[in-house]
Each structure stands twice: as C-alpha cells, then as structure tokens.
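What follows is a set of notes on a single structure, which appears directly below.
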Amino acid sequence: MNSQIKNLNLQKWVAGISIFLLVIKFTAYYLTHSVSILTDALESIVNVAAGFIGWYSLFVSAKPRDKDHPYGHGKAEFISAAVEGTLILAAAGIIIYNAVKNLLYPVAISKLDYGMILVAVTAIINFITGYLCDRQGKRGNSLALVASGKHLQSDSYSTAGIIIGLILIFFTGYNWIDSIVAIVFAIFILFTGYRILRRSIAGIMDEADIELLNKLVRILNANRKKNWVDLHNLRIIKYGSVLHVDCHLTLPWYLNINEAHIEIDDLSRLIRNEFGETIELFVHSDACLYSQCPICFNHDCPVRKHPFEKRIIWTLENILQDKKHELKELSNLKP
C-alpha cells in the first residue's frame, strides 16, 4: 500500500473519531455547564470539519496527474491545512468570547466528576490519534495529515489543562477559574492555528523548506561521486506528498549520453533511497569547464588541464545559485 493510500485511510478514521469525541464533549458540557468544557467542545466542531476537509483534500491529492494538472493535485493538501488553521483561529476567538462572557455573567457548574472523566477519555483518544497522524504524515510527506496530527495533539494538551482547572474548581469552589483556564488555552489554540496556517501558506507560495534542503545537501556531500564535478540550481517544490526536485549536475564533458545517464541514475537512486519513491527528480546535465579543473577531484581524468587544488563543499548558499562553482582566483583559466 503506497503512502497516499495510507494517508487517505488514516484521515477517514480521524473524521469518524472526531464525530464520536464531539458527542462526548457536548455531553460533558450538558452535564457540567463548564465554559472550559464548552471550549473543548467548540474546538471539536473544528476537528470534525477539519477531519472531513482533510479527508477530501487527501482524496483529491491522490488523483493521478492529468492534462489540466501536469504536476498532480497535491496542492489541495495545502488548501486543506489553510482552511483548518483558519477554523482553529475562529474557534479560539469564540472560546475567548464565551470565557469573558462567563466571567461577567457566571453560570453554576455541576457534576464536575462526570465531566472530568468524559473529557479525560477524549484527551487520551485525541493524543493517540494525533500521534499516529503526525507520524504517518511525516513518513508520507503529507502536510494535511501532519496538520491534523498537530491539531489533535494540541487539543489533547488543552484538554489536559482544562481537566487540571476543573480539579481546582472541584476542590476550591472558585468558579472563575473555569473562565481563566478557557482563555489560557484559547491563546494556546491561537498559536497552533497560526503555525498550521503559516505552513500552508508557505506551501501554496512554494516557499523553500530550509530543513529539507539542508538534509538533501548533507546527503549529497556525504555520497558525492568523483564524476559529479558540480551541482547547482537546486530547488525543491512540494505537491502534497510528492517532492519535485530540480538541479543542474556538472559532469565531465567527454562522457557520452549513456555514461552521463548512468551518473544521473545514481543521483536519482541516492535521493529516492533517502526520501522515498514520492520524488520527481529532474536533472539537467552540464559539461564541465576547464576553469573547474582545480575543484575536480577525479584524479583519473584523462583531459585534466590544471591540478586539483580545492574541493568545494556544497552548502545551502552555493548550491541554490544558478551558477557553476569554481575557484574565484582561477575563474579565468583557459584550456
């Protein structure tokens, strides 16, 4: 089963579980009339909406490419995550409004013991589901699934905090703690929503993933072959679970087409071994220049015009440039 199918199946479970937890939380609110439990219940409405939006986005992103979408449908995941982040921010606003209203016009709280047990059950289920989503989302490069996982885990943390607040109310009788707890965790939810929204916008705008690029640069340096004279103009674009990688690979100018293709295949195999099969790799091969002889460590080169002087380590700064690397002091070297 490929990663896209696994992502889709797990998101179906998330959508179903979110409905079950929503019923439990509103039952707890009905029993207790606690505004902090209402906070949890309102966020669960977001979970239900986000669960089905996430499922639909993964369904769309799993569709094969077509003539209207030559790079596939993976961008749907970023849109899903943006909607989820927006819903979380809206829920946080509603929670703060209700908490402040409860401070001004207090409502009696009852049956806290039953309420605490019910919300504790939802916290455990949310955390386990969120952990599974986050793990599978990272394995399958699915922002929608990672967003769901982070959201569910943050929901479980906020529920744990709410339970602590309810325990304090149970033993002290100070009902105002209920509203304060709701406001504190609404702020936490705001932060979570912002992070999800920020990552989704970055994906839609094809913002560079620095962590991913740094990992790829480390792998390339550690496994560099002697015929890989240079690599530059490296770019990574995310299309849901698919990573689209572009780069220019400089090879010895005397290699024939078949020999150059073998080198490109080796580069493709290296990247796929590290990042999985959801990689689209487009490599443009360049012929080396005589001015690059001083940085070429292929000591068996039959046409070398200048001795090797220095190996240039690829870094994030120099590998992203659309320019072949060479020693500046020898850049005017002629054959």
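What you see below is based on every heavy atom in this structure, not just the backbone, and it leaves out hydrogens, waters and symmetry mates.
- Ring geometry, W176 versus Y174: the interplanar angle falls under 30°, so the pair is classed parallel (tilted spans 30 to 60°).
- The two residues V229 and Q292 have their closest heavy-atom pair at CG1-CB, 4.3 Å.
- For P294 against H306, the heavy-atom pair with the smallest separation is CG-ND1, 3.5 Å.
- For K101, the NZ atom sits in a loose shell: 12 or fewer heavy atoms of surrounding residues, nucleotides or ligands are nearer than 6.0 Å.
- T122 OG1 to I117 CD1: the interatomic distance, rounded to the nearest 0.5 Å, is 12.5 Å.
- Residues I319 and L213 form no side-chain contact, since every pair of their non-hydrogen atoms from C-beta on lies 4.5 Å or further apart.
- Distance alone, capped at 3.5 Å, is enough to place a donor-acceptor pair between the H325 side chain and the N318 backbone.
- A distance of 7.0 Å separates CG in L112 from CZ in F170, rounded to the nearest 0.5 Å.
- Minimum interatomic distance between K324 and D286 (heavy atoms only, all atoms of both residues): CE-CB, 3.5 Å.
- The shortest side-chain heavy-atom distance between I17 and L152 does not fall under the 4.5 Å cut-off.
- For the pair R269 (side chain) and I264 (backbone), a donor-acceptor distance under 3.5 Å is absent.
- Taking all atoms of both residues into account, the shortest heavy-atom contact from L231 to L234 is CD2-CB, 4.4 Å.
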Anything under 3.5 Å between a donor and an acceptor, one on a side chain of residues 247-255, the other on a protein residue two or more places apart or in another chain? List them.
residue	atom	partner	partner atom	Å
H248	NE2	N233	ND2	3.4

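- Of all the heavy atoms in C133 and G149, the pair that sits closest is CB-CA, 3.6 Å.
- Residues T159 and V119 come closest through the heavy atom pair CG2-O, 3.2 Å.
- No more than 12 heavy-atom neighbours from other residues, nucleotides or ligands sit within 6.0 angstrom of CD1 on I257.
- No single ILVMFWY cluster, assembled from side-chain heavy atoms under 4.5 Å apart, contains both L22 and Y114.
- L89 is connected to L87 through a chain of hydrophobic side-chain contacts under 4.5 Å among Ile, Leu, Val, Met, Phe, Trp and Tyr, so both are in one cluster.
- Around the NE2 atom of H261, the shell of radius 6.0 Å holds no more than 12 heavy atoms that belong to other residues, nucleotides or ligands.
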Test side chain to side chain contact (heavy atoms under 4.5 Å, CB included) on L132 and W13 and set out the steps.
-> CA-CA 11 Å; L132 294 174; W13 276 100; over 6 Å; no
Assess whether side chain to side chain contact (heavy atoms under 4.5 Å, CB included) is satisfied between T129 and L21, documenting all intermediate values.
-> CA-CA 12 Å; T129 307; L21 297 182; over 6 Å; no
Verify side chain to side chain contact (heavy atoms under 4.5 Å, CB included) between N214 and E211, making sure each step is shown before the conclusion.
-> CA-CA 5 Å; N214 273 321; E211 182 180 348; 5.9 Å; no
With side chain to side chain contact (heavy atoms under 4.5 Å, CB included) as the test, would you mind laying out the steps for T315 and N221 before giving the verdict?
-> CA-CA 9 Å; T315 66; N221 274 315; 6.0 Å; no
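- Rounding to the nearest 0.5 Å places CZ of R218 at 9.5 Å from CG of L216.
- Side chains of I271 and I219 form no contact here, defined as non-hydrogen atoms less than 4.5 Å apart.
- Panel note: side chain R224, backbone I313; no donor-acceptor pair is recorded below 3.5 Å.
- Hydrophobic cluster membership differs between L118 and V23, with clusters built from Ile, Leu, Val, Met, Phe, Trp and Tyr side chains linked at under 4.5 angstrom.
- For F308, the CZ atom sits in a packed shell: over 12 heavy atoms of surrounding residues, nucleotides or ligands are nearer than 6.0 Å.
- Taking CG from L190 and CG from L197, the interatomic distance works out to 11.5 Å, rounded to the nearest 0.5 Å.
- One hydrophobic cluster holds both I169 and V100 under the rule that ILVMFWY side chains link at heavy-atom gaps under 4.5 Å.
- None of L104, L103, V184 except one satisfies the side chain to side chain contact (heavy atoms under 4.5 Å, CB included) rule with S179; the exception is L103.
- Atom OH of Y131 has 12 or fewer neighbouring heavy atoms from other residues, nucleotides or ligands inside a 6.0 Å radius.
- From I177, atom CD1 reaches atom CD1 of I167 across 11.5 Å, with rounding to the nearest 0.5 Å.
- By the rule that hydrophobic residues join a cluster once side-chain heavy atoms approach within less than 4.5 Å of another member, V283 and V245 end up as members of one cluster.
- Considering CD1 of I295 and CG of L289, their distance stands at 9.5 Å, rounded to 0.5 Å.
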